[in-house]
Every structure is written in structure tokens, then in C-alpha cells.
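Reviewing the structure listed below.
Chain identifiers are assigned alphabetically (A, B, ...) following the order of the sequence lines, protein sequences preceding nucleic acid strands; residue numbering begins at 1 within each chain.
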Amino acid sequence: MSVSVSCNVLWPLLVTLLAPFGILLTGKNQNIRESVSIVAGALTAALVLCFAPAVLAGHIYRYELFRILPGITVAFAVDGLGIIFAFIAPFLWVFATSYNIGYMRSLKEHAQTRYYFCFAIAIFGAVGVALAANVFTLYLFYEIISVFTYPLVAHHQDEEGFYGAKKYMVYLMGTSKLFLLPAMVLTYVLAGTLEFPLGDVKNGLFSADVIAAHPNLVRLTYVLFIAGLAKAALMPFHNWLPSAMVAPTPVSALLHAVAVVKAGVFSVSRIILSGFGTEPMNALGLSLPTAYVAAFTIVAASLIALTKDDIKARLAYSTVSQLSYVVIGVALAVPASVQGGLLHIGHHAFSKITLFFGAGAIYVASHLKSIKAMNGLGRKMPWTFGAFGLASLSMIGMPPVCGFVSKWYLVNGVVDQGQMILLVALLCSTILNAGYFVPIFYRAFFLPPDPASHMEEYKEAPLTMVVPLVFTSFVSVALGIYPEIFHNFIKAFGQFY
Amino acid sequence: MDLFNLYPALTVLTFWPLAAALLLAPIKSDLLVRQTTLVISLIEVVLAIPLLGFKSQAGFQFLEVIPWVEGWGLTYALGVDGISILMIWLSILMLPLCVLCSWTYIGRRVKEFHVCLLLMTTACVGVFSALDLVLFYVFWEALLIPMYLMIAVWGGDQKRYASIKFFIYTLAGSTLLLVAIVALRLEGGTFFIPDLMSKTFSFRFQYWIFLAFFLAFAIKVPMFPFHTWLPAAHVQAPSAGSVILAAVLLKMGTYGFLRFSLPLTPAASAYFAPMMIAISVASILYGGAVALGQSDVKKLIAYSSVAHMGFVTLGIFLFSQAGVNGAIFQMLNHGVITGAMFMLVGAVYERSHSREIVKNLGLGKYLPHFMFFWGLFGLASFGFPGTNGFVGEFMVIMAAFQESLCLGLLVIPGALLAAAYILKVTLKMAWGQPASPQGRNWLDLKKKEWAYLVVPAFLVIYLGLAPTGLLNLITPSVKDALATFEAKKNLVNLIQVSSPTGRPQGLIIEEDLSPEAPSASERVPEEGK
């Protein structure tokens, strides 16, 4: 494992930084405006992929852009963990934009330039979080995401929109100011630096002396970090996510299934693995409590999801639950569970975006939100519901879809640790997932339509929407069949073997 | 041979605006007055270029010492060190911005207004560069008059109330300052500040001097509970007045603590530090909480100033490198950010003729450029990472955590409150529906408005990402001041213990007993080498 300095790390960031301004400048012609997003997304994903061979060979590239105080810099690095998220966000952005075209134009939404602008900045934030080489940079981009997704959540500018967006801001900004900021300051005071020791997941940035001298302060710092990263939607700081569902569905899809929430769990993973390290995590007794909170979140959120009839609300609680898979895996800090957790960042992204794309396509085609009203709709929209079904299988954790792979590693890790309660939680979650996803599928395909409905008028949503969602569902399957795609990067990151 | 040694930079900077004010006298046209003042202010900025030669080292630079009234021990002494250099730059930089932001805002008595602005600049630069107590006091008091006039003549509906309140508050503080200065002369034998710094006074003397200074400076800062003049003054003052008030005047208080309280009364400063910290934390929390409830934008920013300045005084009285560095940096930040926000409020007032938040809604749609700047300064104001506000706040919070965990955790809600009130007002202004149909026809920023907003916007980003250059300038002076402070803060106690009566000896000058702390005049770098 070697760390080398290379300013090439900045390219993906530069492209995603310029994209929003390109969108502003080309705002008058909507076709050109949307192509800016698509080109920027594809280019960024390609630029990130250029690092793949070297990262797989164990190299880490790092570049320091600004030095603010000694030990506090704006610095970026590409390593096995970061590259996954840095690739997924812009890659899915391409499909989300295609989907956006169908969604926004079909519904004749207002202020589209503002919408695409903020969307692009959120991706910039996500790429920045992925490539952050220290806590400060992570915090910087984490906050950029919070601020610039506000206009997306409040997009409809009605009372409901403002209420949801206000809650969104209060949760995210409140926790980051109240917990994340002191956590960062404490880290700096204790460790004297905020730089992640890249390539070393065993020891974090706290030296053994510090941990021995102030174990409780380090524990407090950890708790503040976990509470401060509310984007991970760990209970009790999860409530912003269902409220954020007032946003247009593509926002819910890309941001609240991929960019924003994944920035949250990615940050948690980064802080746990690179900030604290697996060995101190166990030595300080932080692993199990975190895993138990996550397990509680998994089960509780799934139970709430069962009660929701609005399809987006159900998906939102499903996201809350699935995000905690990542947290459980990373917190247990044994190789199998960590791999499972990190794999889930990628695998869940592709499956969940399919589900949200599906929900949006249903809304555009039929203006239906209530699951109860969707009886028989599957026969009118077979592609959408077919993809929806495949992605549901991934959530449940059925082979060969990718959700199975990450769950497999997770269960292995939990069993390795002998944590039967956590195992029960994971298995319960599987049943609960089946409990709230199968009925949607069943109603759509097997129940006769309500005579009062206008089922005969409905047909598939525009192609710009259906193609992306079918594609992402295929990717979910492909990732299940070839799980090594993301796994290799994680192995390069952890060097567990 | 350094060419700049021949050029009395500080004297020129101090008195050029005063002299140039005379140039305005024969001009009749309002437009010409504005243009001339703009040119004068830009010349002032150019004249300040030699100050960029400020070296990163302890002690006073650009020193000018000329005997003045020798019988009384008065000297005409000017000089800058790391503590004052940023404030001088800030004062000078604000002048052209103020001229620009008054261009259409001030419609009557234009010449008098600009004379006031120039006088204020003279006084501000003088305050921050004076090294003689009497000289300092002259500038300190001189500032009150143009500021008073600015509020009383060009102010809002309640200008009489606000201006008199401002005058009474600050004057009340100043009287005790004068008493302290006279006492220091009697005890220390000189008005020359570097010489006074090298002396050690008895604890009881320090105790009373500190309290006298405290009242003057705490009112100026303003610290809770002496802050009530500030919202009134800000709301009534014209925007240029608010800008100078926020950017420069408030800093005089914190500068006073750094320049006088810490070096001249170290033992008393250490003794009163817990009280000062408590008041600072109260200012942070109280200012933030009250700002949250404001419906008037200017009042909101005024209360946010109380909170921000609380961070500054907190940083100073933690007596740590990070704390004092952070405090000085935060002084600059607050000047830039809050100054810019007052300019923005002025700009929107010219359109809506109201400072009420509810009368200024829908700006995101109709004034997007305005909202961009507002958003940028708002983010900086609550310490968004990557802006200068973050750096200062982070350093002070860090120093608080180094002091004690509890103190750190106590300050954190202040950071949260800052985010809350700024986001609240920003989101309201950006997203609401305009209160009146005219709101849809407001024009976005004009070229002049861009001109005066781009400068602080650049500083916000630049200082947020690359603060090291400026921090390196102030660090040696702070380090030196803190070393002297550490050496002297317990000295008096030792003397007390060793005094035969066992009681503190009042009003007796002690010899400087610390060999490791060189006298300040020795520390003055020999120029020309």
C-alpha cells in the first residue's frame, strides 16, 4: 500500500463543480441544460474509474488543496472505500437525469434550472464526501450537501414542501452544529490532526497514548460523531428522511436513496474505519452499542414501513432500515461484516434508486401514490413493476440480486462475532422486508383492478424514465451475479486478507 | 536600507482623510462630493500599501515616536503590531465600500455625511495605531462625534433616541477610561504604552484599572448586559454608519482588552478571567437567542454581533494561542461579514423601504444576485466550513475545549443558534412571496452594489481557505504578548506574599522582577536593518 501525491484527484471534483454553472449558463435551452448533467456525470464516473487499476493494486492518491490550520486541510484522496461512492453518485446521476427529463417535463414542474443546478451541486458534495481525505473536508462537503438540497426538498414551494424542508434543515443542520462540530473540535484537540491515516483501518487517527489517557473523551467524541452524522438516518435522528419525501421523486431517488443518505453512511463508515480504526473500536467497547442501535433502527423502521400506504413513505422507511445495515456491518469491525456493510453502500444504491424510479414512474403515469389503489397496475406497466419486483428482491436479500451478497457477508460477520440478537434482527428484517414489498408486487400483478379506477387509461411512463429504471434493476442483478465488482475495491481498502 | 522607513505610513494614513476632508469644502455638487470622496478613499487604500511590508515578528513596527508635550510625558507615538495590523487594514478597506454603499442611500447633506465618514476613518486608524494613552484617548473620543452625527442626522425615525443612547453609553464608559489613563500616568510615570507594558503594578491597582478599562471596553464590544445601545444604534443608523459601527467600532473594545487589559493588568485579567468567560458565554447564548426572535433584519444582525463578539472576548480571556489568534481573526471576520450584511440590508432597504423581514420576501426569485451574496455572508456568519467565519469560530471553540470540556460544550449551542437565526431569515427572505406587487419589479444588484460586495465576498472565501498567511502575521505578537502575560500574571501575587504586612500593597509601583520578559521598548525591532 502506497500513498502518492497526485493532483489528478481533483479532476472529478472539478467537473462536478463546473457542471452546475454550465447548467445555469445553458438554462434557456432545456435540452442542452440536461445534456450538461449527463455529460458531466458520465465524465466524472469515467474519471473516477481511471483510478481503479491503481487503487486495486493498493495505491492511494492524495492531494492537498488548501491548508487552513496545521492539521486542518482541504485534501482529497482516492482509496478503495472512496472510489466506490465517488463512482456511484455521478454514474447514477446520468440515469437520474434521463429520468428527470421524463419526470419534470411530463409534470411541467417550475424552476427547472434551479432544480438541476442544486441537483448538480449535491452530486459535487457527494463526490467531495467520497474523496475527502480528512474530517474537515468531509464536514465541508457534508454541509454543502445539506444546504443545496434544501431547495430540492422545498421544490414545490407549498406548505407541505416548506414544512418538510424545514424539518430537513433542522435535523441535518442541528445535528451537525450540535454534535458534529464539537466532535471535530474534540478530535483536533485530542489528536492534533484531522487527517485520516489512509490505508490503515486498524488504527485510527487517535494514537494509542491518547486513547489510553482519555478513553472517555474519545468515546464521547465517537458518540458525537455518530449523532452528528444524521444523514445516516440512525434512530432517533431519522425523521427528516420521510419528511424529505415531499420532494419530486427523482430527488428522493438520487438524493435520498443515493447521494445524501449514502453520504451519511459513507461518512459513518469513514469515521469508524479511518477515523477511529477497528482495533480501538473494539478496545473502547464502541462496536456493540452502535450495532445494537443500528439493529433497533433496522427492525423499528421496517415495522413502521409496514404501516405506510403511501409508496414513497414506505420506501423512505425502508431506506432508514437498510442504511443501518451498513452501520451494523461497519460498527462490528470484523472483516466479513465490514465488507458486507460497505458492499451494501453500492448494492443498496442501485436497488433503491430503481424502487424510487418505479414509484415516480407510477406517479407520472397514473398520479397514484397509495399502494392500495395500485391493484392491477402491473399489467399496464409491466416494465416498471418488473424492475420494481427485482429491486424488491434485492431489499429482501434474495439471490441472485445484489442485496443478497451484502447480507450474506453481514450475516457471516454477525455469526463470527457470536451476536445472536443481531442475527435475529437481520433475519426479522428479511421477513419484514418481504412483508412490505411483496404486497405491492402482488397487488399490481395478481389482484383485479378496482372497478372505479381508470386503469385502462394508464400506460408506461415516457421512455426516458423507463429505460433508466430497467437498467438500474439489471445492474442490481448483475452485481448479485458478479459481486466482486465492488468487493475488490473494499479488499483493496481494507487489506483484510 | 528600507525605503519605507522614510515614509511615515501611519501618520499619513491617519491624517490623510482628515486633510482630504478639507478638499470637500468648496465642492457644491453632490455627485462630485461622492466622486471626490471615493477617490480620496482609494488613495487611502493605496497609501496603505507600504503596510503590506509588515513583518511576521513580535513588537511594534512602522514606529513613529516624537516628543509632544515633554513636561507631561506626552509623546506622539504611532505603531502597529500583529494585534492591530488587521484592524487598520479593515478600517481602511471599509472606507471606499462605505462611500459606495451610501451613493444613493444618502440623499441629503451629502457633503457633511462624507466629511463624517472621513473623520471616522481618521479616528479609527488613530485608535488602532496610537501608542500613547492620551493620543489613544483623543482618537477614541473623536470617533464618537461623527458617529453620533451620523445616527442623529441621517438616521431613521427614532434617531434622536438612538443617537443619545449611543452617546451616553459610550461616553459613560470613556470617562472611567480617562480616569484609568490618568492613574496609569501617576503610577507608571508615562503615557507611552510600550513603556507602561514593561512595568508591573500592584494587584490592587491592577484590580481597579482593569475594572475601569472593562467598563469602557465592554460597552464598546458590547458585552452582555451592556449591549442595549447597539440594536438601537444599528437600526437607526444609515447603512454606512452601521457598517463602520459593526466593522470597526465594536473591535475597539476587544482591541482595548488585548492592548491594555492583558499587558497592563495581567494579574487582574487572570483574576477576572472566569467572570469575563462567563459574560462572554452569556453574550454568545443571549445574543443568539434574541437574534432568533427578531423581525427586523438590522436588529437581527445587531444581536448576532453581540453573539459573535462574545466569541472574540471568550477567545481573548482563554489566554491561549489558539484562543487569542482566533479572537483576532474573528474580529476581522466579523468586520468583513457583518459589514457586508449591513450593506446588503441597506441595498434592499433602498428597494423596499423597510427593514422588516416580512416586507422583504421573495428575494430569491426577484433578486437572485442579492440573495447569492446574502447567502454567502449568511453562511460565513454562522461558520460554514470553507468561509472565514468557520476558521475564527473553530479556533475559539477549540481553545474553549482545551480549557475545559464543559466550557466547550456550553459554547456549542451558540454555534447552533447562529445557524438557526441566519437560516431562518435567509430562507424566509429567499422563498416567501413578495409582500407588495412592487416587489416583483425590483431591480437586481447594480454595478456599484456589485463593486462593494465583491470585495468582502472575496475575503470571505480567501480567508476561509487560506488563512495561514494572516495568522502568521499575528502569531508572533500574540505569542509574545501571551508569554509576557504568563510571566507577569503571578508576579504580583509573589510580591503580595512576600510583603511584610501580608496585605496587598496598593498604588505602589513594583520593579519589573521578571528577567525573562524583556521590556517592550527593547522588543521594538530596530528598523533599517
(Q) If I measure from the heavy atoms of chain A, does B:Ile397 come under 4.5 Å with its side chain, its backbone, both, or neither? (A) both

Q: Let me know if A:Pro151 has heavy atoms under 4.5 Å from chain B in its side chain, its backbone, both or neither.
A: both

Q. Which heavy atom in A:Arg67 sits nearest to a heavy atom in B:Pro467, and how many Å separate them?
A. O-CD, 4.0 Å

Q: Using the side-chain contact (heavy atoms from CB on, under 4.5 Å) rule, take A:Ile72 and B:Val391 through it: C-alpha gap first, then chi angles, then the decisive distance, then the call.
A: CA-CA 10 Å; A:Ile72 302 184; B:Val391 182; over 6 Å; no

Q. What part of A:Glu143 gets closer than 4.5 Å to chain B, counting heavy atoms only: side chain, backbone, both or neither?
A. both

(Q) Determine whether the aromatic ring centres of residues B:Phe390 and A:Phe136 are separated by less than 6.0 angstrom. (A) yes

Q: Sort A:Phe141 into side chain, backbone, both or neither according to what part of it lies under 4.5 angstrom from a heavy atom of chain B.
A: neither

Q) Hey, is NZ on B:Lys479 packed in by over 12 heavy atoms from elsewhere, all under 6.0 Å? A) no

Q: Identify the two heavy atoms, one from A:Ile68 and one from B:Leu471, that lie closest to each other, and give their separation to 0.1 Å.
A: O-CD1, 4.4 Å

Q.
Which one wins on heavy-atom pair count under 4.5 Å against chain A: B:Leu427, B:Leu409, B:Leu423?
A. B:Leu427

**Q.** Segment of A:Tyr139 engaging chain B (4.5 angstrom heavy-atom cut-off)
**A.** both

Q.
If I take atom NZ from residue A:Lys177 and atom CZ from residue B:Phe382, how far apart are they, to the nearest 0.5 angstrom?
A. 6.0 Å

Q: List the atom of A:Leu181, the atom of B:Glu393, and the distance in Å for their closest heavy-atom pair.
A: CD2-OE2, 4.0 Å

(Q) Does any backbone or side-chain atom of A:Leu190 lie under 4.5 Å from a heavy atom of chain B? Answer side chain, backbone, both or neither. (A) neither

Q. Measuring heavy-atom distances to chain B, does A:Ala165 have an atom under 4.5 Å in its side chain, in its backbone, in both, or in neither?
A. neither

Q: Specify the closest pair of heavy atoms between B:Met398 and A:Val189, including all atoms of both residues, with the distance to one decimal.
A: CG-CG2, 3.6 Å

Q: Locate the shortest heavy-atom distance separating A:Met184 from B:Phe394; write the atom from each residue and the value.
A: CE-CE1, 4.0 Å

**Q.** Part of B:Leu405 within contact of chain A (heavy atom distance under 4.5 Å)
**A.** side chain

**Q.** B:Lys424 side, atom NZ; A:Met169 side, atom CE - distance, nearest 0.5 Å
**A.** 15.0 Å

(Q) Which atoms of B:Leu416 are under 4.5 Å from chain A, going by heavy atoms: the side chain, the backbone, both sets, or neither? (A) both

(Q) Shorter than 4.5 Å, heavy atoms on both sides: which option in A:Pro182, A:Pro70, A:Gly174 has the most such pairs with chain B? (A) A:Pro182

Q: Tell me, for A:Leu178 versus chain B, whether the close heavy atoms (under 4.5 Å) come from the side chain, the backbone, both or neither.
A: both

Q: For A:Leu186 and B:Phe401, work out which heavy atoms get closest and say how close.
A: CD2-CD2, 3.8 Å

Q) Where does A:Val147 contact chain B at under 4.5 Å (heavy atoms): side chain, backbone, both or neither? A) side chain

Q) Using a cut-off of under 4.5 Å for heavy-atom pairs, which of B:Ala400, B:Ala415, B:Pro385, B:Ala322 has the most such pairs with chain A? A) B:Pro385

Q: Hey, could you give me the CZ/NZ distance between A:Phe162 and B:Lys428, rounded to the nearest 0.5 Å?
A: 12.0 Å

Q: Please report the C-alpha distance between A:Phe179 and B:Ile412 in whole Å, then the side-chain angles of each, then the deciding distance to 0.1 Å, and finally whether the side-chain contact (heavy atoms from CB on, under 4.5 Å) criterion is met.
A: CA-CA 8 Å; A:Phe179 305 124; B:Ile412 289 296; over 6 Å; no

